[in-house]
Amino acid sequence: MTKKILIPSNLTQFKERYYYKTELTELCRCLRLPTTGTKAELNSYVEQYLSGTPVSEIKAKRPLIRKKLLTADQIKLDTKIVGSGFAFNSEARKFFAAYFGVEKFSFKKEMAIVKRKAEQENNTKMTVSDLIEFSLHLRDNKKQLAAVSEEKTYQWNNFVRDFFLDPVTAQYTDRLKVAALLWKYVKKTKQQKKYSTILLEMYAAEVEEYLKLK
């Protein structure tokens, strides 16, 4: 039986709760909003709705366009990112592997962010060359990367990263399990969805069994 999704009554209530992408998709479906896109995009649809924007005016940021996909030999540096049939697939990996002179190529987060932004803004001028240049710039600019809205959706990843960076957590045997337990409680509260050492004190009883024996 599928768990019924809780529909927030206002924007504050929505922002106080952590939603998984599957929950956001279901929430958008219930509210008759667009259900396709990234987690950040789904968040924006709900926020617009709860801010008073009529459903009829909330459109998908990246409309689905069916076009024949380009092969590796058809992709050039001046190929347009939007509307050309360019996609992040095995053919694009072949192109980038040849361009960077590597045996295997994997798409990086920065490249995905740049491509997604171009699609959201329907930027028909951005080329593959621009994609490479902008993603490399974003990679080297950590402050700018952190400010990208898509980055803000990686709350769990950031929580775990900060947990493992805290030397105090070395006292636990299964650190990932402890992080998951803390996260379970934090995501249900109204506090910021960030890790801090104080959480170990707040939920000491819940994680006590994972303490290393002295």
Side-chain angles (χ1 to χ4, degrees), residues 1-70 80-89 92 107-126 130-131 134-135 138 143-161 180 182-195:
M1 183 176 179
T2 304
K3 184 179 178 181
K4 188 176 181 180
I5 191 72
L6 176 65
I7 298 179
S9 58
N10 53 59
L11 187 59
T12 299
Q13 190 180 83
F14 173 66
K15 289 186 174 182
E16 286 175 346
R17 186 180 184 279
Y18 178 84
Y19 290 85
Y20 291 104
K21 186 177 180 182
T22 52
E23 294 177 315
L24 283 172
T25 301
E26 183 59 28
L27 179 57
C28 286
R29 184 175 290 109
C30 291
L31 297 175
R32 294 179 291 115
L33 301 172
T35 57
T36 58
T38 66
K39 191 175 179 184
E41 289 166 354
L42 295 175
N43 265 305
S44 73
Y45 302 147
V46 178
E47 289 179 1
Q48 288 177 64
Y49 173 82
L50 293 174
S51 296
T53 304
V55 171
S56 60
E57 295 180 13
I58 302 175
K59 307 296 183 183
K61 292 190 175 184
R62 292 181 293 150
L64 294 176
I65 300 175
R66 306 256 179 217
K67 193 175 183 69
K68 188 174 181 180
L69 299 179
L70 298 176
K80 305 298 183 184
I81 297 300
V82 177
S84 66
F86 173 84
F88 280 177
N89 54 18
F107 297 109
K108 301 296 186 291
K109 180 166 48 180
E110 296 84 0
M111 190 172 280
I113 289 172
V114 174
K115 178 175 179 289
R116 189 173 296 122
K117 188 173 187 293
E119 293 170 339
Q120 290 173 347
E121 298 174 353
N122 194 30
N123 186 344
T124 56
K125 294 183 178 181
M126 180 175 283
D130 295 327
L131 174 65
F134 295 162
S135 61
L138 191 59
K143 187 174 181 179
Q144 183 181 351
L145 180 61
V148 177
S149 62
E150 190 65 19
E151 278 294 289
K152 296 176 182 178
T153 67
Y154 299 138
Q155 293 173 311
W156 160 245
N157 291 337
N158 292 334
F159 187 90
V160 173
R161 178 201 63 198
L182 294 178
W183 176 251
K184 183 180 71 172
Y185 293 108
V186 169
K187 72 178 183 180
K188 293 179 181 178
T189 68
K190 295 182 179 181
Q191 67 192 77
Q192 279 193 313
K193 308 302 184 285
K194 294 183 178 180
Y195 169 78

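Note that the structure is predicted; figures quoted are calculated from it, not measured.
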**Message:** Rounded at 0.5 Å granularity, tell me how far CG in Leu33 sits from CG in Leu24.
**Reply:** 11.0 Å
**Message:** Please check: side-chain N/O of Glu41 versus main-chain N/O of Thr38, any donor-acceptor pairing under 3.5 Å?
**Reply:** yes
**Asked** Atom NZ in Lys80, atom CG in Leu131: separation rounded to 0.5 Å?
**Response** 13.0 Å
**Asked** Looking at residues at least two apart in the chain, or sitting in another chain, which of them share a ring pair (Phe, Tyr, Trp, His ring centres under 6.0 Å) with Phe14?
**Response** Tyr19
**Item:** Atom pair CD (Glu110) and OG (Ser135), whose distance is rounded to the nearest 0.5 Å
**Value:** 7.5 Å
**Request:** Report yes if the side chains of Tyr195 and Arg161 come closer than 4.5 Å at any heavy-atom pair, otherwise no.
**Result:** no
**Message:** Run the salt bridge (Lys or Arg N to Asp or Glu O under 4.0 Å) test against Arg32 and tell me which residues pass, sequence neighbours left out.
**Reply:** none
**Request:** Please name all residues satisfying side-chain hydrogen bond (donor to acceptor under 3.5 Å, both in side chains) with Lys194, sequence neighbours left out, ordered by chain then number.
**Result:** none
**Request:** Please examine the side chains of Leu31 and Val55, heavy atoms only from C-beta on, and report whether any two atoms are closer than 4.5 Å.
**Result:** no
**Asked** Is the shortest heavy-atom distance from the side chain of Met126 to the side chain of Val114 under 4.5 Å?
**Response** yes
**Fill in**
Across all chains, not counting sequence neighbours, the side-chain hydrogen bond (donor to acceptor under 3.5 Å, both in side chains) partners of Thr189 are Gln191
**Item:** Any Leu27 side-chain heavy atom under 4.5 Å of Pro8 side chain
**Value:** yes
**salt bridge (Lys or Arg N to Asp or Glu O under 4.0 Å) between Arg116 and Glu119, intermediate numbers included** = CA-CA 5 Å; Arg116 189 173 296 122; Glu119 293 170 339; 5.9 Å; no
**Non-hydrogen side-chain atoms of Phe86 and Lys115 separated by less than 4.5 Å** = yes
**Prompt:** Side chain of Thr53, backbone of Tyr49: donor and acceptor closer than 3.5 Å?
**Reply:** no
**Message:** Are Ile81 and Asn123 packed together at the side-chain level, in the sense that at least one heavy-atom pair is separated by less than 4.5 angstrom?
**Reply:** no
**Request:** Apply side chain to side chain contact (heavy atoms under 4.5 Å, CB included) to Asn89 and list each qualifying residue two or more places apart in sequence or on a separate chain.
**Result:** Leu69, Ala87, Glu91, Ala92
**Request:** Anything under 30° is parallel, anything over 60° is perpendicular, the rest tilted; go ahead and classify Phe88 against Phe107.
**Result:** parallel
**Item:** CD-SG distance between Glu23 and Cys30, expressed to the nearest 0.5 angstrom
**Value:** 11.5 Å
**Message:** The criterion is ring pair (Phe, Tyr, Trp, His ring centres under 6.0 Å); which residues satisfy it with Tyr185, sequence neighbours excluded?
**Reply:** Tyr203
**Asked** In Å, rounded to the nearest 0.5 Å, how long is the span from NZ of Lys187 to CZ of Arg17?
**Response** 8.0 Å
**Message:** Less than 4.5 Å apart, side chain to side chain, heavy atoms only: is that true for Leu182 and Phe159?
**Reply:** yes
**Message:** Could you walk me through whether Trp183 and Lys193 satisfy the side-chain contact (heavy atoms from CB on, under 4.5 Å) test, starting with their C-alpha distance in whole Å, then the side-chain angles of each, then the deciding distance to 0.1 Å, before giving a yes or no?
**Reply:** CA-CA 8 Å; Trp183 176 251; Lys193 308 302 184 285; 3.9 Å; yes
**Message:** Donor-acceptor check, side chain of Glu57 to backbone of Pro54, threshold 3.5 angstrom: yes or no?
**Reply:** no
**Prompt:** Between atom CG of Leu42 and atom CZ of Arg29, what is the distance when rounded to the nearest 0.5 Å?
**Reply:** 10.0 Å
**Request:** Check Pro34 against Ala60 and note the closest heavy-atom contact, atom names and distance.
**Result:** CG-N, 3.5 Å
